[in-house]
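Protein chains get the first letters and strands the later ones, always in sequence-line order, with residue 1 at the start of each. Just so you know, these numbers use all the heavy atoms, side chains as well, and skip hydrogens, waters and symmetry mates.
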Amino acid sequence: MRRGLWMIFRWPLLLAVLSLFGLLSALIGDGVYDWLSWLSLGVPLGLLGLVWLRMRHASRVRS
Amino acid sequence: MTAHTLRIWFLVHKWTSLIATVFLLLLCLTGLPLIFHEEIEHYFEPHPELRPLTADAPRIDYDKVMAGALMARPGEVVRFVGFDPEGPLGAVYTATSLMPPPDEGHTQPFDTRTGDLFPSEPPDNGFMNLMLRLHTDLFMGLPGYLFLGFMGLLLVASLVSGVVVYTPFMRKLDFATVRSGRSSRLKWLDLHNVLGIVTLAWVLVVGVTGVINTLALPIFGLWQSDQLAEMTSPYKDAPPLEQLGSLQKALETARKAAPDMEPSFIAFPGTQFSSQHHYAVFMRGTTPLTARLLKPALVDASTGELTDMREMPLYVKTLLVSQPLHFGDYGGLPLKIIWALLDLISIIVLGSGLYLWLLRRKIPLKKRLAELNTNGLGAEGGA
């Protein structure tokens with residue numbers, strides 16, 4: 001299947017919007033704004049953690 | 001997009017990255033300890049122990065504090081007085097001249113409630129200072145700042161072209177696929193792509209705000225010759241200041257002029273943040289954002305009367321907001337840890353990019369792009 005631009009960029013776009021929200025949120029206030037910031041900036045990191053786990057799993061299955 | 005345009009984007013991505021990679025790696029590595037500079041400095045040089053406040057404890061008199069600070073550093077002048085936003089702690093910055101070389105000068109902490117002065121700390125020429133200089137100006141002053149700023153611009157070009165060349169690779173792949181079972185090159189290509197695209201927004205913001213920060217010296221120079229000069233124009237032909245007036249009174253004037261704000265730092269007459277005749281008391285707000293948007297109250301340094309107080313112009317505000325967005329110091333320790341993790345991922349993206357270039361197949365780029373086409377990965381149309 002050949003993917004169009006929307007299919008290719010919908011996840012990156014969502015992650016970018018989340019990151020920008022997280023970057024600005026902690027600037028606006030403290031307390032709950034800090035928590036929102038940590039959570040939304042943590043999503044890209046969590047996702048990369050999943051990618052890493054999946055890679056480890058795949059290499060274990062192969063060996 | 002035609003194969004020709006895509007080829008140009010590839011070349012932009014390759015060359016901007018190749019030129020900047022060594023310096024970007026340096027910035028990532030030196031930036032890592034700098035994220036935690038407050039924690040590291042507190043660990044090695046703990047804050048002086050503040051005495052508990054008693055009913056008969058003296059109230060601070062800033063003029064006495066200044067006199068005491070100068071007595072401890074004979075022959076020096078006061079340049080700045082700073083205030084810790086976290087607690088009742090201030091610091092007097094002295095040096096042998098108002099505009100000394102960057103590594104000179106002494107810092108004397110004081111209790112902002114009682115005015116108790118603590119022994120002066122020598123200039124920091126240690127590890128953290130080395131990291132800071134390598135991260136900001138490469139020990140070269142303004143040319144160094146501007147050079148690293150240019151490297152930041154190359155980073156932005158590399159990110160934009162990176163997104164464009166990401167497209168043809170993903171025509172046949174699900175988002176975040178890493179083909180780890182085949183060649184090491186393919187695995188690192190996929191990792192480079194996924195790590196790069198996922199952290200794109202953060203890297204872009206830290207990159208652009210970093211470039212703005214490299215312009216701090218020209219921006220404050222412009223402010224001094226523009227708004228500051230305008231505010232202090234009645235003093236243009238005034239004779240040079242012979243004696244500094246009361247700092248205590250100047251501070252009271254500034255507090256009265258901005259009752260809902262707190263002093264952040266005071267620039268003394270003749271320093272780069274003030275005129276020849278004024279104490280510039282920079283007031284800050286109380287939210288993370290307004291704490292950065294400093295508002296200078298210019299107080300006549302001999303009479304202690306308010307001359308003028310205005311909001312900073314947009315170009316200075318842009319710089320002031322760029323600082324936290326680059327440093328990551330505005331959302332507690334968790335935000336700093338997030339900053340550090342994203343910094344480490346950026347190092348992997350830089351390293352894998354270099355690795356892919358070193359392992360590049362000895363096949364002309366044109367042919368490789370044609371291959372992408374015949375595989376149906378599609379360099380034509382769409383993008």
From the list B:Thr177, B:Leu200, B:Leu325, B:Thr199, the residue making the most non-hydrogen contacts under 4.5 Å with chain A is B:Leu325
Chain B heavy atoms under 4.5 Å from A:Leu23: which part of the residue, side chain, backbone, both or neither?
both
Heaviest contributor of heavy-atom pairs below 4.5 Å to chain B, chosen from A:Ser37, A:Gly22, A:Gly29, is A:Gly29
Qualifying residue for side-chain contact (heavy atoms from CB on, under 4.5 Å) with B:Ser180, from A:His57, A:Arg56, A:Arg54, A:Met55:
A:Met55
Side chain, backbone, both or neither: which part of B:Leu204 has an atom under 4.5 Å from a heavy atom of chain A?
neither
Quick check: does any side chain N or O of B:Arg171 sit under 3.5 Å from a backbone N or O of A:Arg2, one acting as donor and the other as acceptor?
no
Check each atom of B:Ile345 against the heavy atoms of chain A and say whether the ones under 4.5 Å are side chain, backbone, both or neither.
side chain
Among B:Pro324, B:Gly331, B:Ala201, B:Gly332, which residue has the highest count of heavy-atom pairs closer than 4.5 Å to chain A?
B:Gly331
Spacing of A:Leu15 atom CG and B:Trp202 atom CH2 [to the nearest 0.5 Å]
15.0 Å
Output the option from B:Leu195, B:Leu341, B:Ile337, B:Val198 having the highest count of non-hydrogen pairs under 4.5 Å with chain A.
B:Val198
Give the minimum heavy-atom separation between B:Asp174 and A:Arg3, together with the two atoms involved.
OD1-NH2, 2.5 Å
Using non-hydrogen atoms only, which part of A:Leu45 is less than 4.5 Å away from chain B: side chain, backbone, both, or neither?
side chain
Toward chain A, the part of B:Val205 with a non-hydrogen atom under 4.5 Å
side chain
Can you confirm whether more than 12 heavy atoms, excluding those of A:Tyr33, are under 6.0 Å from its OH atom?
no
As a quick check of understanding, evaluate side chain to side chain contact (heavy atoms under 4.5 Å, CB included) for B:Phe175 and A:Leu47, giving each step before the final call.
CA-CA 11 Å; B:Phe175 172 65; A:Leu47 188 119; 4.0 Å; yes
Where is the tightest heavy-atom contact between A:Gly42 and B:Ile338, given as atom of each residue plus distance?
N-CD1, 4.5 Å
Atom CG of A:Asp34 and atom CG of B:Leu333: how far apart are they, to the nearest 0.5 Å?
11.5 Å
Check whether any side-chain heavy atom of B:Val321 lies under 4.5 Å from a side-chain heavy atom of A:Leu27, and answer yes or no.
yes
Given A:Leu41 and B:Leu335, is the side chain to side chain contact (heavy atoms under 4.5 Å, CB included) satisfied, shown in steps?
CA-CA 8 Å; A:Leu41 279 171; B:Leu335 193 67; 3.5 Å; yes
Can you label the angle between the B:Tyr166 ring and the A:Phe9 ring as parallel, tilted or perpendicular, going by 30° and 60°?
tilted
Name the region of B:Thr290, side chain, backbone, both or neither, that has any atom closer than 4.5 Å to a heavy atom of chain A.
neither
For atom CH2 of A:Trp38, decide whether the heavy atoms of other residues, nucleotides or ligands shown that lie under 6.0 angstrom number more than 12.
yes
Heaviest contributor of heavy-atom pairs below 4.5 Å to chain B, chosen from A:Val51, A:Leu50, A:Ile28, A:Leu48, is A:Leu48
Please flag which part of A:Arg10 lies under 4.5 Å from any non-hydrogen atom of chain B: side chain, backbone, both or neither.
neither
